Participant: 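Sharing a structure, written as structure tokens. Questions coming.
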Amino acid sequence: MKATAGLCLGLLALAAVLAAGQDVSPNTVVTASEKRWWKGYNGGQPNKMTPEQIQKCFYSNTPYLPSGKGPDHGVPRTILSKCHYKPWTSKMHKCHSKSCYNPCPNPPPYVPTAWDYISNNPDMTTLTALLKLTGLNVKFEGCFAGTLLAPNNEAFAKLFAQMKVDILDPAYAAYAAAFATRIINYHTLIARVYARDVAAGVGSWPYTTLYGSINGEHRVRIKTININPICPRPNCTELYTFAQGEQGDSNVANFVAWDKLTYCGGVIHTINNVLLPDDVYPSLQALLAGKQLTTLTTVLTGIEAANPGFIQALEQTPATLALPTDAAFAAMPAGVPPKYYLDILQFHQCPVKAQDQLLYARFKSAFNPCLTGLGAAQNNNGLKLTYNYKDYGNDLVIPPAMKITYTSVPSVPGTSKIAMADITTPVGASHIVEAVLIPPTVPLN
């Protein structure tokens with residue numbers, strides 16, 4: 001224990017000299033253990049890393065091909081377990097080789113964490129802010145051994161442009177944190193995926209992410225294609241690497257920087273588009289288009305024509321929503337007067353006052369049953385929806401039964417199965433249902 005503590009103190013003393021920007025002279029006291037550690041990198045004589053080397057290692061688009069081992073390779077385990085890692089700055093980096101192999105021989109506290117790379121990158125200020133908002137920055141401040149597909153500022157700007165609500169408004173902070181947590185976890189792969197391996201034709205299959213929901217595991221596909229079929233692989237300069245989300249060919253992100261290694265061997269690739277799983281959408285309108293709910297879209301358009309601003313209000317009002325399929329509208333009871341369509345749509349909405357009031361499966365909440373928008377508008381506490389969940393013991397073999405029950409008109413069954421649950425929009429939780437919910441206040445001709 002004393003030897004370990006002494007080694008740590010020796011390294012930290014050496015770190016203080018280097019962090020201060022001073023040269024390490026031959027007279028600097030370096031222990032025998034430290035000399036053995038440095039041997040093979042630069043002959044036991046640490047050199048400061050130049051700003052050009054920092055740029056090359058962490059912020060250039062030049063492909064960096066790691067050895068497959070983390071940047072802590074060769075660092076004694078006792079040091080890694082006993083020494084604390086400090087926030088990284090450019091002054092802390094030293095490197096002998098301009099190629100920054102592994103990526104360079106930096107003793108603790110100089111191995112940069114994933115958070116060091118992200119928070120010091122001027123092209124990742126939005127990601128930095130969202131990580132702080134969600135608290136996920138803690139995950140990346142320490143040991144990270146997976147893969148982060150890090151959207152740059154351009155990527156988030158494109159995502160925000162698709163939203164119908166200003167999610168960065170402090171009034172929506174809790175909703176933004178929940179939404180961003182799903183997004184960031186979807187960009188965090190469990191496996192360590194190097195771009196050079198994908199370029200060599202290895203591992204172009206879907207990779208499992210940290211994001212999981214009632215709809216199962218969610219995956220990202222990473223591919224490399226050769227835009228010049230004559231060019232040989234893997235040395236071709238015309239290889240094109242990209243990642244694809246679960247929402248089809250339109251949800252593709254290009255790699256703009258790749259293979260940035262961090263403490264514990266994690267790897268970061270910078271991408272220029274935000275990837276989305278099949279149950280997270282930037283707006284309600286995007287959800288309706290993505291799930292092909294065309295009849296509901298038509299009904300909403302008709303209501304909007306008579307009530308300008310209705311769709312925007314629907315987008316901006318935090319709520320749990322039930323969204324009927326096209327088949328549900330086709331099977332809707334005959335004799336519903338069109339003038340009641342607004343009431344029917346409000347009956348499918350349960351507005352909330354806080355993010356934790358949104359209903360997600362398993363629907364165990366003090367706010368279930370939920371008061372509908374129609375009930376609030378008519379001051380009728382009886383106009384509620386009850387979300388039901390029945391677990392058969394093994395979701396992988398027999399999916400759970402989910403449905404909505406409510407008080408309906410006498411001739412209409414007051415129940416609807418949920419075809420797909422837990423679809424997230426910036427301020428809402430939506431569930432696709434197999435029947436149109438007819439409130440008891442709507443007369444049937």
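Quick caveat: nothing in here was measured; it's all calculated off a predicted structure.
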Participant: Can you sort out the partners of A176 under side chain to side chain contact (heavy atoms under 4.5 Å, CB included), two or more places apart, ordered by chain and number?
Facilitator: L133, I167

Participant: Just by distance, do the side chain of E315 and the backbone of L284 share a donor-acceptor pair under 3.5 Å?
Facilitator: yes

Participant: Can you tell me how far apart CD (Q349) and CG (L385) are? Round to the nearest 0.5 Å.
Facilitator: 10.5 Å

Participant: Are side-chain N/O atoms of S365 and Y387 paired as donor and acceptor at under 3.5 Å?
Facilitator: no

Participant: Would you please test Y175 and V165 for side-chain contact (heavy atoms from CB on, under 4.5 Å) and show each step?
Facilitator: CA-CA 11 Å; Y175 301 96; V165 57; over 6 Å; no

Participant: Working note: F160 + T126, criterion side-chain contact (heavy atoms from CB on, under 4.5 Å); need CA distance, chi angles, decisive distance, verdict.
Facilitator: CA-CA 11 Å; F160 294 156; T126 305; 3.8 Å; yes

Participant: Any side-chain heavy-atom pair from Y211 and P277 closer than 4.5 angstrom?
Facilitator: yes

Participant: State the CG-CD distance between N137 and E141, to the nearest 0.5 angstrom.
Facilitator: 4.5 Å

Participant: Quick check: do C350 and L359 have side-chain heavy atoms less than 4.5 Å from each other?
Facilitator: no

Participant: Look at the aromatic rings of H269 and F255 and report parallel, tilted or perpendicular, splitting at 30° and 60°.
Facilitator: tilted

Participant: How many angstroms lie between CG in L287 and CG in D278, if you round to the nearest 0.5 Å?
Facilitator: 10.5 Å

Participant: Ignoring hydrogens, what is the shortest heavy-atom contact between S416 and E434? Give both atom names and the distance.
Facilitator: OG-N, 3.3 Å

Participant: Considering all heavy atoms of both residues, which atom of N251 and which atom of L276 are nearest to each other, and what is their separation?
Facilitator: OD1-N, 2.7 Å

Participant: Write down the atom of F347, the atom of L437, and the distance for their closest heavy-atom approach.
Facilitator: CD2-O, 3.7 Å

Participant: For a 4.5 angstrom cut-off between non-hydrogen side-chain atoms, does T270 reach K260?
Facilitator: no

Participant: Could you walk me through whether T188 and N185 pass the side chain to side chain donor-acceptor pair (under 3.5 Å) test, one step at a time?
Facilitator: CA-CA 5 Å; T188 307; N185 282 340; 4.8 Å; no

Participant: Would you indicate whether K403, at its atom NZ, is surrounded by more than 12 heavy atoms from other residues, nucleotides or ligands within a distance under 6.0 Å?
Facilitator: no

Participant: Can you check whether Y360 reaches T424 side chain to side chain, under 4.5 Å on heavy atoms?
Facilitator: yes

Participant: Carefully, step by step, assess M402 and F363 under the rule side-chain contact (heavy atoms from CB on, under 4.5 Å).
Facilitator: CA-CA 10 Å; M402 294 177 284; F363 309 124; 4.2 Å; yes

Participant: Answer whether the closest heavy-atom distance between the side chains of T209 and L149 falls below 4.5 Å.
Facilitator: no

Participant: How long is the gap from CZ on F140 to OG1 on T113, to the nearest 0.5 Å?
Facilitator: 10.5 Å

Participant: Can you see which heavy atom on A155 is nearest to which on N272, and at what distance?
Facilitator: CB-C, 3.4 Å

Participant: List the steps and the verdict of side-chain contact (heavy atoms from CB on, under 4.5 Å) for R192 and V267.
Facilitator: CA-CA 7 Å; R192 189 182 304 172; V267 59; 4.0 Å; yes

Participant: Check the pair D422, S213 against side chain to side chain donor-acceptor pair (under 3.5 Å), reporting the backbone distance first and the verdict last.
Facilitator: CA-CA 8 Å; D422 293 6; S213 68; over 6 Å; no

Participant: Please check if the side chain of N153 supplies one atom and the backbone of P122 the other of a donor-acceptor pair under 3.5 Å.
Facilitator: yes

Participant: Taking all non-hydrogen atoms of both residues, which atom of H187 and which atom of I271 are closest, and how far apart?
Facilitator: CD2-CD1, 3.7 Å

Participant: Nearest 0.5 Å please: distance from the CD1 atom of I311 over to the NZ atom of K164.
Facilitator: 10.0 Å

Participant: Taking atom types as modelled, find out whether Q316 and D166 have a side-chain donor-acceptor pair closer than 3.5 angstrom.
Facilitator: no

Participant: Could you verify whether a donor N or O on one side chain and an acceptor N or O on the other, from D116 and T262, lie under 3.5 Å apart?
Facilitator: no

Participant: How many angstroms lie between atom CG of N152 and atom CD1 of I118, to the nearest 0.5 angstrom?
Facilitator: 12.5 Å

Participant: Side chains of V427 and T317: closer than 4.5 Å at any heavy-atom pair?
Facilitator: no

Participant: Side-chain contact test, heavy atoms from C-beta onward, threshold under 4.5 Å: evaluate it for L288 versus Y281 and give yes or no.
Facilitator: no

Participant: Could you check whether atom CD of Q312 has more than 12 heavy atoms from other residues, nucleotides or ligands sitting under 6.0 Å from it?
Facilitator: yes

Participant: Please step through side chain to side chain donor-acceptor pair (under 3.5 Å) for the pair T294 and D326, ending with a clear verdict.
Facilitator: CA-CA 7 Å; T294 54; D326 288 355; 2.6 Å; yes

Participant: Measure the shortest side-chain to side-chain distance between Y186 and V220 over non-hydrogen atoms and say whether it is less than 4.5 angstrom.
Facilitator: yes

Participant: For V193 versus L189, what's the shortest heavy-atom pair and its separation?
Facilitator: CG2-CD1, 4.2 Å

